[in-house]
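Shown next, in structure tokens, is the structure this report addresses.
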Amino acid sequence: MKGPLSLNAQTTSVHSQHRASLEKKPTDVSKMFDDVAQHYDITNTVLTGGLVNVWRRVTRLAVGAQPGLSVLDVACGTGASAAGYAADGADVIGCDFSPGMIERGLELHPGLDLRVGDATALPFDDETFDVVTISYGLRNVVDTQAALRDMLRVTKPGGKIVIAEFSRPTNAFFRSTYFEFMRLGMPILSALFSSDAPAYEYLRESIQAWYDQEELAHLMQKTGWRNVEYKNLTNGIVALHRAIRPE
């Protein structure tokens with residue numbers, strides 16, 4: 001989940017020009033997340049009412065990190081999830097397209113192996129990892145299918161992928177209320193807790209334009225993943241998708 005910033009007004013007027021659009025040009029996405037890296041985790045916690053921590057715990061269980069397991073955390077941001085997998089004993093590498101995110105992650109988690117990397121052209125050999133995971137980053141990639149294929153490439157046969165991503169609430173009334181909050185409440189909260197409101201406008205747009213649960217599952221199947229399944233979290237605000245690379 002990408003989002004926050006807290007800088008002075010003069011700097012913000014410059015940074016706001018770098019918000020990404022739904023074209024998701026890589027340079028725009030990278031720059032926007034460079035800008036928000038410093039207070040990324042705090043703002044995400046505030047804007048989700050702490051639910052991001054609940055979702056992270058569920059994702060951590062699904063990844064099942066343990067000693068002897070190799071895990072790649074794609075779009076790792078500041079390394080919050082990667083740090084959890086490492087704490088569970090796995091051999092973890094995190095990569096993110098934003099150098100600013102990686103820099104901030106290394107400040108927060110010294111000793112973590114965090115690297116700059118493109119989700120559509122991961123800098124790793126074929127069949128390297130037991131588990132590949134990506135949280136709230138897939139919808140920011142310019143080519144979703146290319147990213148899914150490249151994550152398949154670096155996963156060992158029989159290995160798995162775990163994707164946590166914003167999705168589509170399943171209850172019609174709840175969905176309407178949620179999107180109305182996104183439209184009216186998000187600008188207010190981003191104005192209070194972040195200096196980069198345009199970045200949060202992109203957040204809202206990208207969530208509403210993203211695939212629903214079944215559409216993403218179909219796309220995973222199309223790009224070579226098998227045994228695709230998903231679990232709704234918080235009535236489908238987030239969905240956790242899992243799949244296996246065939247032997």
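Defined by atom type and a distance below 3.5 Å, a donor-acceptor pair is missing between the side-chain atoms of D73 and S81. Neither side chain, R104 nor T78, offers a donor N or O lying under 3.5 Å from an acceptor on the other.
Put simply, the side chain of R245 never gets that close to the backbone of G159: no donor and acceptor are under 3.5 Å apart. Formation of a donor-acceptor pair under 3.5 Å by the S176 side chain with backbone atoms of A172 is not found in this model. A donor-acceptor contact shorter than 3.5 Å links the side chain of D130 to the backbone of S70. Although no hydrogens or angles enter the test, the distance criterion places a donor-acceptor pair under 3.5 Å between the side chain of K24 and the main chain of R139. The main-chain N or O of P26 is never found under 3.5 Å from a side-chain atom of S30 such that the two would form a donor-acceptor pair. With D96 contributing its side chain and G77 its backbone, the two residues share a donor-acceptor pair below 3.5 Å. With S135 contributing its side chain and A164 its backbone, the two residues share no donor-acceptor pair below 3.5 Å. When atom types are taken as modelled, the side chain of Q145 and the backbone of T223 share no donor-acceptor pair closer than 3.5 angstrom. E165 contributes a side-chain N or O that, together with a main-chain N or O of L138, makes up a donor-acceptor pair within less than 3.5 Å.
When all heavy atoms of A239 and N232 are compared, the pair lying nearest together is CB-OD1, 4.1 Å. The nearest pair of heavy atoms linking G105 to L114 is C-CD1, 3.6 Å. Across every non-hydrogen atom of A119 and V74, the tightest pair is CB-CG1, 3.7 Å. Residues G64 and L69 share a closest heavy-atom pair of O-CD2, 3.5 Å. Shown here for L203 and S206, the closest heavy-atom pair between the two residues is O-OG, 3.0 Å. Of all non-hydrogen atoms in R175 and P169, the two that sit nearest each other are NH1-O, 2.7 Å.
For the pair F129/I93, a side-chain contact is recorded, criterion being any heavy-atom separation below 4.5 Å from C-beta on. In this structure, Y85 and V131 have side chains that are not in contact, with every pair of non-hydrogen atoms separated by 4.5 Å or more. At a threshold of 4.5 Å between non-hydrogen side-chain atoms, the residues R226 and Q221 count as touching. Looking at H218 and Y211, their side chains never come closer than 4.5 Å, going by heavy atoms from C-beta outward. Residues T234 and V54 fail the side-chain proximity criterion, which asks for heavy atoms closer than 4.5 Å. Within the 4.5 Å cutoff, the side chain of V132 has no heavy atoms near those of the L122 side chain. Between N53 and T45, the closest side-chain pair of non-hydrogen atoms falls below 4.5 Å. Side-chain atoms of L233 and V58, non-hydrogen and from C-beta on, do get closer than 4.5 Å to each other.
With rounding to the nearest 0.5 angstrom, the CG atom of N227 is 10.5 Å from the CE atom of M220. Between the NZ atom in K231 and the CZ atom in R242 there is a gap of 7.0 Å [rounded to 0.5 Å]. Interatomic distance, CG of L216 versus OH of Y230, reported as 10.0 Å (0.5 Å rounding). One distance of note links CZ of F33 with CG of N140; it measures 4.0 Å at 0.5 Å rounding. Rounding to the nearest 0.5 Å places CH2 of W210 at 10.0 Å from CD of E215. Between the CD1 atom in I134 and the NE2 atom in H241 there is a gap of 13.0 Å [rounded to 0.5 Å].
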**Message:** side chain to side chain contact (heavy atoms under 4.5 Å, CB included) for L148 and I163? Distances and angles first, verdict last.
**Reply:** CA-CA 10 Å; L148 289 169; I163 301 171; 3.9 Å; yes
**Request:** Would you sort out whether I237 and F174 count as a side chain to side chain contact (heavy atoms under 4.5 Å, CB included), showing the intermediate values?
**Result:** CA-CA 10 Å; I237 288 178; F174 181 79; 3.7 Å; yes
**Message:** Between V238 and Y136, is the side chain to side chain contact (heavy atoms under 4.5 Å, CB included) condition met? List the steps.
**Reply:** CA-CA 9 Å; V238 166; Y136 317 109; 3.9 Å; yes
**Request:** Check the pair Q213, T170 against side chain to side chain contact (heavy atoms under 4.5 Å, CB included), reporting the backbone distance first and the verdict last.
**Result:** CA-CA 9 Å; Q213 293 88 328; T170 54; 4.0 Å; yes
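If you chain together hydrophobic residues whose side chains sit under 4.5 Å apart, L61 and I244 never meet in one group. Clustering ILVMFWY residues whenever any of their side-chain heavy atoms sit less than 4.5 angstrom apart, transitively, puts L72 in a cluster other than the one holding V63. The hydrophobic clustering, which links ILVMFWY residues whose side-chain heavy atoms are closer than 4.5 Å, places V162 and V154 apart. In terms of hydrophobic clustering, with Ile, Leu, Val, Met, Phe, Trp and Tyr side chains grouped at heavy-atom distances under 4.5 Å, F179 and L51 are assigned to a common cluster. There is a path of hydrophobic side-chain contacts, each under 4.5 Å, that joins I161 to F124.
Counting heavy-atom neighbours within 6.0 Å of D126 CG, excluding the residue itself, gives a total above 12.
The side-chain hydrogen bond (donor to acceptor under 3.5 Å, both in side chains) analysis of residues 111-123, with sequence neighbours excluded, yields the pairs D113-R115, D118-T120.
Between D150 and R153 there is a salt bridge, with a side-chain nitrogen of the basic residue lying less than 4.0 Å from a carboxylate oxygen of the acidic one.
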